[in-house]
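Before any comments, here is the structure.
In what follows, every chain begins at residue 1, and chains take the letters A, B, ... in the order their sequences are listed.
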2 protein chains.
Amino acid sequence: MVEHDLNRIFHALSDPTRRAILDRLAAGEATISHLSRPFPLSFAAVSKHLGVLEHAGLVTREKRGRERVCRINPAALEDAHNWLEFHEHFWTSRLEALDTLVGTSPDNLDE
Amino acid sequence: MVEHDLNRIFHALSDPTRRAILDRLAAGEATISHLSRPFPLSFAAVSKHLGVLEHAGLVTREKRGRERVCRINPAALEDAHNWLEFHEHFWTSRLEALDTLVGTSPDNLDE
DNA sequence: GTTATATTCAACTGTATGGTTGAACATGAT
DNA sequence: ATCATGTTCAACCATACAGTTGAATATAAC
């Protein structure tokens, strides 16, 4: 896993339309036109969003006849998930360590 | 938790400089000038990044004398973490359900 | 073959982003 | 009071982004 993978994944997830598309894809594969229907956006705009998601590895597109079927790829979330999990724990434990050091916690009064 | 919180958090995390700043803050609070030193960026650029992080709730800035001390706020990661955790599980289970339905798994051959 | 459908691509627009610089301001040090 | 330091702010620039439209392409249906 490399830096720019995270850049792409987090960037892809930062747009509500793209997150909605992902949610929709969780219900099963779908074509682009089918995906674009519920959005107040042009077909091309949704296709671009799919491009961003595909580039981030979150979605795969497979040509099937004249249409293109999109599927979700949960594995790509792992990079982001791992980053968050590690940092959340790391940061929290560092902060707790600092608290203990400084002795701001009331529990430390009788030590 | 609202939609635009996630937008801001994911967007804040999508930049490698900002993630590096967060990592640096995990080691303890720091002033902006101290944070900006290791980066090949102007002071103002780093200050802007801090602004983005603060706006996303990931960092707090407190004025102390003439300098401004930045601290990390791990709690803000929870929104993103929860979103990822839920969707990763949800997507994966949905995909497994579809697999079972279609019977593509070799385990289903003798049923 | 013609037509309709699904998609891509290119061109364009407006706005956001990430960066710069230099001026302004507040506070600490001398 | 003066000077140095830490920070913000405003102006500016280049590029990226999200959106549009219309033309081009590929495939299915008739």
Side-chain angles (χ1 to χ4, degrees), chain A residues 2-25 28-72 80, chain B residues 2-25 28-72 80:
Chain A
V2 228
E3 275 288 289
H4 63 259
D5 288 338
L6 275 181
N7 298 354
R8 284 203 273 259
I9 293 174
F10 280 133
H11 172 243
L13 294 177
S14 74
D15 183 283
T17 301
R18 285 194 287 266
R19 290 200 303 275
I21 291 176
L22 289 173
D23 273 340
R24 202 131 205 295
L25 281 178
E29 59 182 31
T31 67
I32 305 184
S33 53
H34 184 240
L35 281 170
S36 78
R37 221 160 294 153
F39 294 101
L41 293 175
S42 70
F43 180 92
V46 174
S47 180
K48 276 193 191 176
H49 280 303
L50 261 318
V52 173
L53 291 167
E54 188 178 30
H55 198 224
L58 291 162
V59 157
T60 58
R61 286 195 275 190
E62 180 204 338
K63 195 168 180 177
R64 189 182 299 168
R66 73 182 144 181
E67 49 193 19
R68 198 160 281 248
V69 175
C70 307
R71 261 191 301 278
I72 211 167
Chain B
V2 228
E3 274 288 289
H4 63 260
D5 288 337
L6 274 182
N7 298 354
R8 285 202 273 258
I9 293 174
F10 281 132
H11 172 243
L13 295 177
S14 73
D15 184 282
T17 301
R18 286 194 286 267
R19 290 200 304 275
I21 290 175
L22 289 174
D23 273 341
R24 202 132 206 296
L25 281 178
E29 60 182 32
T31 67
I32 305 184
S33 53
H34 183 241
L35 281 171
S36 78
R37 220 160 295 153
F39 293 101
L41 293 174
S42 69
F43 181 92
V46 174
S47 181
K48 276 192 192 178
H49 281 303
L50 261 319
V52 172
L53 291 167
E54 187 177 31
H55 198 226
L58 290 161
V59 158
T60 57
R61 285 195 275 190
E62 180 204 339
K63 194 167 180 176
R64 189 182 301 168
R66 73 180 144 181
E67 49 193 22
R68 196 159 282 248
V69 174
C70 306
R71 259 191 302 278
I72 212 167

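A:F43 has its CZ atom 14 Å from the C1' atom of D:dA24, to the nearest Å. Whole-Å rounding puts the A:H49 NE2 to D:dT20 P distance at 9 Å. A:I32 places its CD1 atom 16 Å from the P atom of D:dA26, with the value rounded to the nearest Å.
Not a single donor-acceptor contact under 3.5 angstrom links the side-chain atoms of A:R66 to the base of C:dT7.
One finds no salt bridge joining A:K48 and A:E54 here, because no Lys/Arg side-chain nitrogen approaches an Asp/Glu carboxylate oxygen to under 4.0 Å. A salt bridge does not link B:E62 with B:R68: every distance from a Lys NZ or Arg NE/NH1/NH2 to an Asp or Glu carboxylate oxygen is 4.0 Å or more.
Considering only side-chain N and O atoms, B:R64 lies nowhere under 4.0 angstrom from the phosphate OP1 or OP2 of C:dA26. Not one side-chain nitrogen or oxygen of B:S33 sits closer than 4.0 Å to the OP1 or OP2 atom of D:dT5.
Within the 4.5 Å cutoff, side-chain heavy atoms of B:R24 are placed close to those of B:L35.
At a threshold of 4.0 angstrom between heavy atoms, the contacts of A:S47 are confined to the sugar-phosphate backbone, with no base atom among them. Among the atoms of the strands shown, none is found under 4.0 Å from any heavy atom of B:H34. Counting any heavy atom pair closer than 4.0 Å across all strands shown, B:R18 reaches sugar-phosphate atoms only and no base atom.
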